[in-house]
Amino acid sequence: MEPTALTLAGSTDAALESFLNEEIRHLIAPPPESANSFTALLGLPRTRAIELLHSPETPNSPGVAVSGNPTRPYFNCLGDGGGGFAFAADSELVVPAARYSVFAGEKNDSLETSSQKVKNEPLTESDSNHNSSSQPLVSDPTVENKGQRPPKRKDREKKGKASAKKSKNESSEVAEELPYVHVRARRGQATDSHSLAERARREKINARMKLLQELVPGCSKVALLGTWCIDKPQQHSEGSEISGTATVLDEIINHVQSLQRQVELLSMRLAAVNPRVDFNMDSIFAAENVSLVESNFPSMVMPLMWPDVQVNGSRQQYHQQWQFNSLPPPVWGREQDNHNYVTPENSLLSYDSPANSASLHSRATENGAMKVD
Amino acid sequence: MKNPQRSPTNPGSVRSRFTQVFLQSLLRIRKHSPASSSSSSSLGEFLKRCHRVKVAAYVSMARAAGTRRAWSRAMLWRVRHDAHRHRLLQGRCSRSSSRERSPGKKKRRTKKKKKRRDDQEHGFGNAEKLQKLVPGGEAMDFSCLLDETAHYIKCLVTQVKVMRSIADFYSL
C-alpha cells in the first residue's frame, strides 16, 4: 500500500496540487462538504472533519508537497481519491492525521476493493477527466446530501442491476439532480445499454409471438395477450398457470406437428389415388383455383376415379389413429381399399400381416373391422 | 367446366407456385411408378411412392417459398443430401467425400444449437422442439426461429389445402 502510495504521491503531486487548487478555488461551499462524504465513510464526527479540513486549507498551495510526513502517502492517495483530505493530512495535525491514516488506510482498502459506494469517489476524483464530477461533489452545499446520498447510491445500485427501463430513466434523473453521480450514471448506462438491447430483443420476440398466435388457431388470445408484458417476463397475469410463452409455444408446436401429419396423410392419399389417371393440368388448375378461392370442392370435376364415398370418414379415422409421426403403415391398408373397391377385406388383412409392428397390425384390423360396419 | 367466378387472388403467390410444381412432380412420379400398379402394388412400393410424394410436396413447397427463407433452403439441402446418402447406401455413387461432408455439417449444426441455447430466454425446452420441427431451425436464434416458424406454418397450411383439394379432386 505504502510504496504505491508513495509513487503516486511522487508522480502526481504537482498535478494534484494544481488540480486541487483549482478545485478549491472553484468551491462554492467550503471543503467540509467533501469531508461530509468522507465522514460518512470514515465515521468521523463532522465537526472534527471540518476542522481538519479547514486547517490545512491555508497552507494549501505551498505546503502540501513539502512535508515528509510518513502518514502523508496515505492521504495523497486519498487526495487522489478525495480533494480535501490531502490537506487534512498536513503535518500540523499529527494526531488527527494519524487517526486519519488509520481510517484512510482502511478506507483506501475499502475504497479500492469492492463497494460501489465508495469506489466512485476515488474514481470520480482520481482521474483528471472527472474534474467536473468532482467539482460538484465538493460543491454540494447541503448537509442533507450526506443523508440522501447513501440511500440514493443504494437505490441506484439496485436500479442499475435491475434490467428495466426504469433504471435508465431514474439513473439519468438522479444524474441530473446530483451531477456528481455522472460516473455512476455512466456505469448505469453501461448496464443499461445491455438492458436496452435485451429489451429491444424481447420486444422483437414478443411481436413475433403475437404474429404466430394469430397464425395458429386455438391460441386463446385474450388470456395470453396479458402475459406479453415486456418488462416482466416472469410474472403471471390473467391467471395463466404456465408462463404465456410456454403455452403459446406448445400450441405452435402442436399445430406444426399436426400440419406435418396432415401432409403425410395427404401424400399417402395422393400416392394411392390413381396410377391410371392422367393429370389434366388445365382442369386441375381451374379446380384448384375454384376450390381454393371458394373453398368448395370442384363440383364440375369428372369423376376420373371411382367415387370413394368413404374418404371423409376414413380420413377422420386416420386422424384418430395418428398418434405418432412416423409413416403409418396401418393406414395404407385403408388406402388400398379406397382406391380399389374390388380388393376384398381378406387381402387387406393379409397386407396387414407384414406390417411393421403388432400394434399397427391390431389397429389396422380394428379399422378393417370398423370399415366393414 | 365452370369458369372460376372469382379470379385467383394472386397468380404469383406461394399457393399457385406450389400447385404448379407439385403437380409436375406428381406427374413425374406417376410416370416413374409402374403402370399397372393398382393391383400389383406391394407394400414396399406403395410406401416408396408415398415417401416420394411427400418429399415432392416438401420440395415443391420449398421451391415455391423461394430460397430467401432459411427453412426452405435447409429443407432443400436436407433433401438433396438425404438423396445423396441414400444413393451412397445403395452403392450407386461412390462419393465417400460427400458422406463425410454431411455428418460434418450435421455436427456443425448441433454445435450451433448448443451455442444458441443461451439465447433462448423463455420457452427454453419448447424452443428445442420447435427447432427440430422447423427445417434448419437448429442453427437459429430464438427470434429468427419464430420468424421462420411463422412463414413455415403459412406455407404448410397452403400445402395442406392444395394437396387436399388435389386428393379430393381425384377421389371424387
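Letters go in sequence order (proteins before strands), and every chain restarts at 1.
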**Q.** Heavy-atom contact with chain B under 4.5 Å, split by part of L259(A)
**A.** both
Q. Is there side-chain contact between R208(A) and F142(B), with heavy atoms separated by less than 4.5 Å?
A. no
(Q) Going by side-chain hydrogen bond (donor to acceptor under 3.5 Å, both in side chains), name the residues that satisfy it together with H151(B), two or more places apart in sequence or in a different chain. (A) W71(B)
Q: Not counting sequence neighbours, which residues clear ring pair (Phe, Tyr, Trp, His ring centres under 6.0 Å) with Y58(B)? List them please.
A: none
Q) Measuring from I252(A):CD1 to L146(B):CG, what's the distance to the nearest 0.5 Å? A) 6.5 Å
Q. About how many Å separate OG of S267(A) and NE2 of H51(B), when rounded to the nearest 0.5 Å?
A. 9.5 Å
Q. Closest approach of L212(A) and I153(B), non-hydrogen atoms and distance?
A. CD2-CD1, 4.1 Å
Q: Look up atom CD in Q257(A) and atom CG in L133(B), then write down how far apart they are to the nearest 0.5 Å.
A: 5.0 Å
Q.
Surrounding CZ of R73(B) (heavy atoms of other residues, nucleotides or ligands, distance under 6.0 Å), is the total greater than 12?
A. yes
**Q.** Part of V157(B) within contact of chain A (heavy atom distance under 4.5 Å)
**A.** both
Q: Please round to the nearest 0.5 Å and tell me the distance separating atom OG of S143(B) and atom CD of E203(A).
A: 13.0 Å
Q) Under a 4.5 Å cut-off applied to non-hydrogen side-chain atoms, are V53(B) and R269(A) in contact? A) no
(Q) How long is the straight-line distance from CG of L249(A) back to OG1 of T149(B), given to the nearest 0.5 Å? (A) 8.5 Å
Q) Going from NZ on K161(B) to CD on Q262(A), what distance comes out if it is rounded to the nearest 0.5 angstrom? A) 11.5 Å
